[in-house]
2 protein chains.
Amino acid sequence: MTEHAARFDPVCPSGIAPIHIGDKWTAMVICLLAEEPMRYSTIRTQLGPVTAKVLTATLRDLERNGFVARSEHPGPPRSVHYGLTELGRTLLPAIALAVGWAHDHLGAMLDAQESYDREHARRDRADLR
Amino acid sequence: MTEHAARFDPVCPSGIAPIHIGDKWTAMVICLLAEEPMRYSTIRTQLGPVTAKVLTATLRDLERNGFVARSEHPGPPRSVHYGLTELGRTLLPAIALAVGWAHDHLGAMLDAQESYDREHARRDRADLR
DNA sequence: CGGAATCCTCTTCGATACTG
DNA sequence: CAGTATCGAAGAGGATTCCG
């Protein structure tokens, strides 16, 4: 079954959680490519709101680090496929750990933030007098 | 035995590796506090080249997330201690995984970078003609 | 001693428009 | 289709100075 819509929640915890892989879109790209090699425009569609510039920069960085391999098929219409390398697969446990941590402890972290912010809002109001 | 000099290699891989915990100094602070609670100035000395502003921001963020607890002992001279909470300790496996990954695969990643850069330096020179 | 205030630079991300 | 070029906004991190 082929998915044609974005597959990542816009409020996905990857921006909130304290464990990060690469930069903003890196972990999501790796997760996509872990299933199967994929062409540029497919990655773009699946990710949702990422600009071509940023996606290209992300893929270039992944390629430079040896995590993904790029293969160009001449056209027209031409297509460029990206796939995870063996080295790239070594990052999957790290992503799994990050997801697991978020599942287990993100709620506690958000509660702590709320308490902290509430406490310091009270202090700030008190400081005004 | 008390250490009075910085304990982190200035070229520590934590800035190069693709797995990050929090921001620049977060993982190192957590590693320090994992051994024992510590006062502000001790953390500062152990970390080495971190400014007061950035260390304070890092500790505030950790405190807000519920990862460290702050306890103030009035003076003079006053002292403020920071210690890991139970929630904070849940991040230790993530740090261990990051360190383990770097130990196992960082060399391969750096080799890939070198090949990539060499390859693209050749291409760039060729493109000039 | 443990910060806070201010100023600065560098990088990251996104929006937009254009191209082989 | 798979990018590149340019611009601008925002935040992270550091240097410096001052404070209770």
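All chains are named by letter (A, B, ...) in the order of the sequence lines, taking the proteins before the strands, and each is independently numbered beginning at 1.
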- Task: Give the ring-plane orientation class for A/His105 versus A/Trp101, where under 30° counts as parallel, over 60° as perpendicular and anything between as tilted.
- Result: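 Ring orientation, 0 to 90° scale: tilted.
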- Query: Counting only side-chain N and O atoms of B/Arg70, is one of them less than 4.0 Å from OP1 or OP2 of C/dG2?
  - Reply: no
- Query: Is B/Arg39 near enough to C/dC1 that one of its side-chain N or O atoms lies under 4.0 angstrom from OP1 or OP2?
  - Reply: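 For C/dC1, OP1/OP2 do not have a side-chain N/O of B/Arg39 under 4.0 Å.
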- Task: Please identify each residue that fulfils side-chain hydrogen bond (donor to acceptor under 3.5 Å, both in side chains) with B/Thr56, with sequence neighbours left out.
- Result: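 side-chain hydrogen bond (donor to acceptor under 3.5 Å, both in side chains) list for B/Thr56, sorted by chain: B/Tyr40.
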- Give A/Arg44 one of three labels, base, sugar-phosphate or nothing, depending on what nucleic acid heavy atoms sit under 4.0 Å from its own.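 Nothing, no heavy atom under 4.0 Å.
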Nearest-Å distance, [atom1] ([X]) to [atom2] ([N])?
| X | N | atom1 | atom2 | result |
| --- | --- | --- | --- | --- |
| B/Ile43 | C/dG2 | CD1 | C1' | 11 Å |
| A/His120 | C/dA4 | NE2 | P | 10 Å |
| B/Leu55 | C/dC1 | CG | C1' | 13 Å |
| B/Glu63 | C/dG2 | CD | C1' | 13 Å |
| A/Lys24 | C/dT12 | NZ | P | 14 Å |
| B/Tyr82 | C/dG3 | OH | P | 4 Å |

- Please report the C-alpha distance between B/Leu32 and B/Met38 in whole Å, then the side-chain angles of each, then the deciding distance to 0.1 Å, and finally whether the side chain to side chain contact (heavy atoms under 4.5 Å, CB included) criterion is met. CA-CA 8 Å; B/Leu32 282 178; B/Met38 213 173 280; 4.3 Å; yes
- Query: When you list every nucleotide of DNA chain D with an atom under 4.0 Å from a heavy atom of chain A, which one comes first 5' to 3', and which comes last?
  - Reply: D/dC1 to D/dC7
- Task: Taking only the side-chain heavy atoms of B/Thr56 (C-beta and beyond), determine which of C/dT6, C/dG14, C/dA4 contains the nearest atom.
- Result: C/dA4
- Between C/dG14, C/dG3, C/dA5, which one does the side chain of B/Tyr40 approach most closely?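 Of the candidates, C/dG3 comes closest.
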- Mind checking whether B/Asp104 and A/Thr90 have side chains closer than 4.5 Å, heavy atoms only? no
- Query: Closest heavy-atom contact between A/Ala94 and A/Ile21?
  - Reply: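 Minimum heavy-atom separation between A/Ala94 and A/Ile21: CB-CD1, 3.9 Å.
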- What heavy-atom pair brings A/Leu33 and A/Tyr82 nearest, and what distance separates the two atoms? CD2-O, 3.5 Å
- Message: Heavy-atom nearest nucleotide on DNA chain C for A/Asp23 versus B/Ala52: which residue maps closer to 5'?
- Response: B/Ala52
- Message: Need to verify one output field. Residue with the more 5' nearest nucleotide on DNA chain C, A/Arg78 or A/Thr51?
- Response: A/Thr51
- Query: Between A/Pro77 and A/Lys53, which has a closest nucleotide on DNA chain D that is more 5'?
  - Reply: A/Pro77
- Could you tell me whether the side chains of A/Asp23 and A/Thr26 share a donor-acceptor contact shorter than 3.5 Å?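 Result is yes, a qualifying pair exists.
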